[in-house]
Amino acid sequence: MSGAPAASTAPRRILSIWLPSLAIDRWRLVMGEQARALADAPLVLISDTAHGPRIEAVTQIAAAAGAQRGMMLADARTLCPAIATAPSDPAGDLAFLEQLALWAQRWGPWSALDAPDGLLVDVTAVPHLFGGERLLLEDVREAFARRRLAVRMAIAPTAGAAWALAHHAPDGTIVEHHDDIERALSDLPVAALRLDQDVVTVLRRLGLKRLGDITTIGRDALQRRFRNRKSPAANPLIRRDQLLGRVPEPLLPVIAQQVPLVQRRLMEPIRHRQLLDQVVADLAQDVARELEGQGQGARRLELGLWRVDGEVVVRRLEMAAATRDPAHMLRLFAARLDDIDAGFGIEMVRLRASWAEPLALAQGDIESAAEDHGTSLAACIDRLTVRLGAQAISRPVPFASHIPERAQRWRKPLEPEPSSQGQLAFHARPLKLLDSAEKIAVLYATPDGYPQRFRWRGEVHEVVRVEGPERIAPEWWRERGGARLRDYYRIEDGQGRRYWIYRQGIIGDGRGGAPDWYLQGLCA
């Protein structure tokens, strides 16, 4: 998705906000007293790897002691044995960055993530509301400072130029026009192109240490060396064109999602199941109205119970299909509340639809509703899932493979099927396939190649009718070169029973000895 268009015909302006110590700052906000106790100690955030703990973020004190991001913790301890450690949380950092992106829309109509530690904000036609771009940057700096977050910023006509200035130029740099980009960025290192580290290393070995050096060797020389690199992060020419605004750079704006949420703060704590069921029924009615107003149905529901002693109990449900039927929600939660311990009482109950899908309104038919008292397939699957578990319910779906044992996959009951170029409908398949093909002993084969008599499960069968063969070659992208062909036959024995058998291999094919025969299916 490309960036949102500007609100006026003013030249495009992009604000890049870089949070160089995002992980450390967030850790300090989350840990509170523990973080203040370690304020004067060298601190690093680590993650576990196959070779031991690795440093993901460092404080200024730890960096001064020699610790660096990407260094193994054991190596850092040799430089500074007093280093304190804490586990890193990349998922939490990304969620925090998403919240900051929504909050940063106070300075522009849309914002985008620049993971793992940056934001891009479209400030086109906005700076005059703050008294100019300089004052806009000061407002941004003060707002982040109140949140105890350190930032570096820049404003430029393109996202690539703004990123390069925020990371490698003096803080607060502003480039006015497209024509000024190349001159303003010529002294920046080649790492300002947002390239992979191996590409940066190649450019430095070629003697290209600054962005201005790239123009000295000519575009054709770089084109020949990087012509097979299609990814922008692996091709310096694509990145340079994006930086100068010669080619567009797609940006994905962050859009806030309104999650249906309803709750009840109870005047007095409740301890009895009957009262809890009544509260849950009321919440189910409320969330159904919220979903109906948005034209959506719930696929995942989260019920939170706040006890008087401060403990929070959460029960989650995931439906097979979108629904906003309060009775169905209540019936599913009834099976999940049997083991709830209310303690001294429950004082607040909250119901949230954390996953919703579009669900169109439908006109009810009074006559058919009076006659139909059954249970829908989706409701039946939900009830089975609650009782047996999410992994116990699945269904087979066709898969485009000529090999019979690979011609199906197992998916969730009502999960939409993936697109396919064909389901092999032009081939007749038996009514029942065995779990695995069973080997049969051919007692006599006709000169044409099919069996006239065979033994299967201790019983000898006389073949009276044959249809085939249908030849199926091995899948060359999965099988080895020595895999043998299969010739399938539909046969009928003297008692009218029909089978689906195949011969694996051909005499003299050079891929083994005598062919083997297998029975794989039973026909109607």
Side-chain angles (χ1 to χ4, degrees), residues 1-8 10-22 97-98 100-130 132-144 149-195 200 210-212 214 232-233 236-254:
M1 181 183 296
S2 61
S8 68
R12 192 182 188 193
R13 309 295 290 163
I14 300 296
L15 166 64
S16 176
I17 303 174
W18 177 36
L19 295 92
S21 57
L22 172 67
L97 190 65
E98 291 177 349
L100 290 178
L102 294 174
W103 174 70
Q105 291 179 2
R106 61 191 296 174
W107 297 295
W110 63 265
S111 60
L113 293 181
D114 182 22
D117 53 9
L119 303 172
L120 296 172
V121 184
D122 183 4
V123 295
T124 305
V126 172
H128 71 279
L129 301 176
F130 296 85
E133 293 183 347
R134 290 291 178 188
L135 295 179
L136 171 62
L137 293 179
E138 290 300 323
D139 187 77
V140 174
R141 193 183 314 281
E142 293 175 1
F144 276 91
L149 298 174
V151 295
R152 289 176 54 88
M153 300 169 294
I155 297 180
T158 65
W163 187 94
L165 294 170
H167 285 71
H168 300 279
D171 185 22
T173 303
I174 297 176
V175 175
E176 297 289 345
H177 306 288
H178 276 85
D179 298 339
D180 300 332
I181 295 178
E182 190 168 6
R183 175 181 54 81
L185 275 65
S186 60
D187 291 334
L188 300 185
V190 291
L193 288 176
R194 296 172 294 166
L195 297 169
V200 174
R210 304 286 177 181
L211 294 184
I214 296 180
L237 293 179
I238 297 178
R239 281 303 196 196
R240 188 170 183 273
D241 290 340
Q242 290 178 344
L243 182 144
L244 298 177
R246 295 172 180 171
V247 297
E249 180 177 356
L251 299 175
L252 186 64
V254 177

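The two residues Pro20 and Ala150 come nearest to each other via the heavy atoms CD-O, 3.6 Å. Of all non-hydrogen atoms in Leu120 and Ala159, the two that sit nearest each other are CD1-CB, 4.0 Å. Contact record, Leu165 with Ala154: CB-CB, 3.4 Å, taken as the closest heavy-atom pair. Heavy atoms only, all atoms of each residue included: Ala156 and Ala161 are closest at CB-CB, 3.7 Å. The shortest non-hydrogen separation linking Ala101 to Val254 is CB-CG2, 3.9 Å. Across all non-hydrogen atoms, the minimal contact from Pro250 to Pro248 is CD-O, 3.8 Å.
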Give every donor-acceptor pair under 3.5 Å between a side-chain atom in residues 172-193 and any protein atom, sequence neighbours left out.
| residue | atom | partner | partner atom | Å |
| --- | --- | --- | --- | --- |
| Thr173 | OG1 | Pro170 | O | 2.5 |
| Glu182 | OE2 | Arg240 | NH2 | 2.6 |
| Ser186 | OG | Arg183 | O | 3.1 |

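Distance NE2/His168 to CZ/Arg210: 10.5 Å, rounded to 0.5 Å. Atom CG in Leu100 sits 10.5 Å away from atom CD in Glu98 (nearest 0.5 Å).
In this structure, Arg12 and Pro157 have side chains that are not in contact, with every pair of non-hydrogen atoms separated by 4.5 Å or more. Taking 4.5 Å as the limit, some side-chain heavy atom of Glu249 sits within range of a side-chain heavy atom of Arg239.
Within the structure, salt bridge (charged side-chain N to carboxylate O under 4.0 Å, His left out) pairs that include any residue of residues 154-173 comprise Arg141-Asp171 (at least two apart or interchain). Legend: salt bridge (charged side-chain N to carboxylate O under 4.0 Å, His left out) pairs involving residues 152-161, not counting sequence neighbours: none detected. Within the structure, salt bridge (charged side-chain N to carboxylate O under 4.0 Å, His left out) pairs that include any residue of residues 106-117 do not occur (at least two apart or interchain).
By the 30° and 60° cut-offs, the orientation of the rings of Phe144 relative to Trp107 is parallel. Aromatic ring orientation, His167 versus Trp163: parallel (interplanar angle below 30°, classes split at 30° and 60°).
Partner of Val151 under the side-chain contact (heavy atoms from CB on, under 4.5 Å) criterion, chosen from Leu119, Leu22, Leu137, Ile17: Ile17.
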Residues Thr158, Gln242; criterion side chain to side chain contact (heavy atoms under 4.5 Å, CB included); working and verdict: CA-CA 8 Å; Thr158 65; Gln242 290 178 344; over 6 Å; no
Steps toward side chain to side chain contact (heavy atoms under 4.5 Å, CB included) verdict (Val121, Val140): CA-CA 11 Å; Val121 184; Val140 174; over 6 Å; no
From CA spacing to verdict: side chain to side chain contact (heavy atoms under 4.5 Å, CB included), Leu251, Asp122: CA-CA 11 Å; Leu251 299 175; Asp122 183 4; over 6 Å; no
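Applying the side-chain contact (heavy atoms from CB on, under 4.5 Å) criterion to Leu135, with sequence neighbours excluded, gives no partner residue. Every residue meeting the side-chain contact (heavy atoms from CB on, under 4.5 Å) condition with Gln105, not counting sequence neighbours, appears here in chain and number order: Leu102, Ser111.
Of the possible donor and acceptor atoms, one in the side chain of Thr124 sits under 3.5 Å from a partner among the backbone N and O of Arg13.
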